[in-house]
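Chain letters run A, B, ... following the sequence lines, proteins first, then strands; residues in each count from 1.
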Amino acid sequence: MDSRYDFREIEKKWRAEWEKNPINKEDDVKPKFYCLDMFPYPSGTGLHVGHWRGYVLSDVVSRYKVLQGYQVLHPMGWDAFGLPAENFAIKNNMHPSIATANNIANVKRQLHEISALYDWDKEVDTTDPNYYKWTQWIFVQMFKHGLAYEKEMPLNWCPSCKCVLANEEATNGTCERCGATVTKKNLRQWMLKITAYADRLLEDLKTLDWSDKVKKMQSDWIGKSYGAEVGFKVVDSDLTINVYTTRPDTLHGCTFMVLAPEYKDVAALTTPECKEAVEKYCFEASTKSSVDRMTDKEKTGAFTGSYCINPVNGKQIPIWVADYVLADYGTGAVMCVPAHDERDFAFAKKFDLPIIQVILPEGEEEKELTEAYTGDGIIINSGDWNGMKAFEAKEKVPHIMEEKGLGKKTVNYKLRDWVFSRQRYWGEPIPIVHCEHCGAVAVPEDQLPVLLPQVESYKPTDTGESPLAHIDEWVNTTCPKCGRPAKRETNTMPQWAGSSWYFLRYVDNHNDKELASMDRLKKWAPVDLYVGGIEHAVLHLLYARFYTKFLYDIGAVPFEEPFQRLFNQGMITKNGGKMSKSLGNVVSPDDLVQNYGCDSLRMYELFVGPPELDCDWDDSGIDGVFRFLNRVWKLVYNNKDLEIAPTKDMEYLRNKLIFDITNRLEALTMNTVVSGFMEYTNKIIDLSKQQGGVDKQTLETLVVLLAPFAPHIAEELWKELGHQESVFDAGWPEADESKMVQDTIEIALQVSGKFRDTMMVAADADKETVLAKAKEVLASRLEGKTVVKEIYVPGKIVNIIAK
RNA sequence: GCGGCUGUGGCGGAACUGGCAGACGCACCAGACUCAAAAUCUGGCGGUAGUGAUACCGUGUGGGUUCGAGUCCCACCAGCCGCACCA
């Protein structure tokens, strides 16, 4: 090799070499480390520099772990079912599997250019029948355990994707995938009872090494609240209305009741005089879009003509219907305390209903309220509850109610069951057969997978019927239970199905007896570090946790939480916008690899900014990293044959380098790792000029530390330094802290808090000596003043307060 | 509306538990090398005043705590993100 840094030659050479002799092999003597990237959807656009950011980060950690002596599992695969492939197929009249295969080939080529440690033997593809066999198997287990069930109800329907959406996919009333406004449609759908796991999904968040942000997003989404259920008897009727409230302390202030328009007893509760108005109101509410219903703050409603009795004071209160009450949260009925709830206050003002204050802020007089008061205070106007502290009463009242048989303590969740079927072609068929006599029957496990049939038209319909429904020879089958004619379920699973458990399959991807063997799972899983974008915080990450907990419960996996540590890398934008084909602002890594090399791009991806924050892409900065690698090349190349003993100063730099790089790498503050490399390399070069060269140990340390980041150049320089084996066999160096102390240190000098000068002192100098020297240095500034106070922070600063 | 994050030169960003703000890099300027250019190397690079050493100002705004604040506390402003009538 010549003295020029020929990255093309070097990278080509080592990529080929590593493919022949992988640097990371399974070796059970070593501890394990499972480092996982969120697997990509193999899109036609390919990968952009934003994808690389996460992949490079996880690869750096993987290589670091190899150097530390771990056996590392760092796999890659394809989340390949889903709408884009299907839409592409419809447009180009080709089968989605072909488009998918093409895209996988292209993305795989790009991934090779990162030179990540991926072990391609472990590859998984969610559209492979050998894979989705187990996606279906899990569904069958859920069905058998009563966690998969059918239900007809109004669902979020995306008119553009032409399929139903899960609640998690329809936040803000828009489709998570395409942004279209979601409408409601009454359909029979398969549901997964994720709510059965609500409490565990919430509680176990505490055990995870995830960012507070994602944990909070999940716990808010699960939305646990504590309160009471209270029964209100309806006047002149056998009916009782149960309400859920988190503020039972305000019960005496309840002056009316509101039901959701969909509440089951609305018709029965409506008097003949009010019938017309209530029916009209309920009809209007049903046609209102879910967005309007969520965002219209202006209150509307209708009086049913009926009254019920407040159980704590016997007062009769009117029953209204209003669409600000949600049918599927709590009981669908709300006790209204206008004095202490903003929504109830607005409603009472609008319809002129009585407002009774029952909580008085401490130290205030009772006066007419201009807005609802929701804080703590003293209870008033509440019979024998008077004088209690409101927030204490909140805890006590449910027990009082329970003793009197008027209600009970209860909890509620915002989380809803998961709408699991989709009316599209390119997904896993739901392995269920509908039989007139036996109902819904699971396809026997030995008949899995239920293969996705070839179909002439993949086109979705507007009716909520799956394209599969038209393939009679596929739909018509026999009931596995009774053998009579039956029909297959024609809906497919959502794209989340395959991604909810893929991390389990990597550890044992060729297993045809089980989704993964217990031994392999125990060896590798759970994932030690999971790297991906934050956009899946309440989607994939919640679903995967749910799946894992279920599989744990049925004894299929030996742990409850799939991802111990989660790292969410920030998005890379271009000119402030998300990179997308339609905006034409996609920056492909391909040209950059061509012009600067993989190593430069890897380091630049990390250098652009703090990895957890979004950042805007700018090509020009890569020059700096490229120049740095050239400097390293030259430094090592020019000094490798010199016989120089390590000097004290160089030993200091070398050990500080190890110390800083290791700490920053552990903290995943990768941008500061790169700047640290530059800083120390500059210092080493300067020192080398002063002392006429660099010792070999320092060069070797630099090269080994650099290996996870710029593996090709490191491997090449390692060879140049005379080693036969790979740099990844070198072991990660440890800093010798005894070498990191200096004889003399620089102290900053302040006069009255203002920085004035610096001075060098012996590192072990005592306070008196330092202060005496400081006053000497600052003599001219202290002239004519009296010293009031002297402060010395050892090793850092002297501050002399003088007047 | 509620909750969270962020705010530092022309730009991306450093600054660990309060202790020399602007590390490192980009861009820019000057010099060396060169017939010339590129590459490379050397130096400069927050603002204002001054020939100058130097002085004063400076981390979104206003206040506070402290010998000392980018860092801690209070109030506010701006931007981004999440949730959004969850009783």
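- For A/S225 and B/A87, the shortest distance from a side-chain N or O to OP1 or OP2 is below 4.0 Å.
- A/L251 pairs in a side-chain contact (heavy atoms from CB on, under 4.5 Å) with only one of the listed residues (A/V337, A/V243, A/V312), which is A/V312.
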Give every pair of a protein N or O atom and an N or O atom of nucleotides 16-22 of chain B that lie under 3.5 Å apart, one pair per line with the distance.
{"from": "B/G19", "atom 1": "N2", "to": "A/Q750", "atom 2": "OE1", "distance (Å)": "3.1"}
{"from": "B/C20", "atom 1": "N3", "to": "A/E746", "atom 2": "OE1", "distance (Å)": "3.4"}
{"from": "B/C20", "atom 1": "N4", "to": "A/E746", "atom 2": "OE1", "distance (Å)": "2.1"}

### Task
Determine, step by step, whether A/L155 and A/K184 satisfy the side chain to side chain contact (heavy atoms under 4.5 Å, CB included) criterion, reporting the C-alpha distance in whole Å, the side-chain angles of both residues, the deciding distance to 0.1 Å, and the verdict.
CA-CA 5 Å; A/L155 293 167; A/K184 290 274 174 190; over 6 Å; no

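- Each of A/T245, A/T250, A/D249 was evaluated against A/R247; a single residue qualifies, A/D249, per the side chain to side chain donor-acceptor pair (under 3.5 Å) test.
- A/K299 contributes a side-chain N or O that forms a donor-acceptor pair with the base of B/C85 under 3.5 Å.
- Side chain of A/D323 to backbone of A/A285: no donor-acceptor contact under 3.5 angstrom is found.
- B/G70 and B/C80 have their P atoms separated by 28 Å, given to the nearest Å.
- Note on A/K414: a base of the nucleic acid sits closer than 4.0 angstrom, heavy atoms only.
- Listed by chain and residue number, nothing satisfies the ring pair (Phe, Tyr, Trp, His ring centres under 6.0 Å) test with A/F628 (two or more places apart in sequence, or in another chain).
- In this model, the phosphate group of B/C24 is not approached by any side-chain N or O of A/N682 to a distance below 4.0 Å at OP1 or OP2.
- Rounded to a whole Å, the CG atom of A/L542 is 15 Å from the C1' atom of B/C83.
- Under the 3.5 Å distance criterion, with hydrogens and angles disregarded, a donor-acceptor pair is assigned to the side chains of A/Y543 and A/E168.
- Distance A/E342 CD to B/C2 P: 8 Å, rounded to the nearest Å.
- Note on A/I801: only backbone sugar-phosphate atoms sit closer than 4.0 angstrom, heavy atoms only; bases stay farther off.
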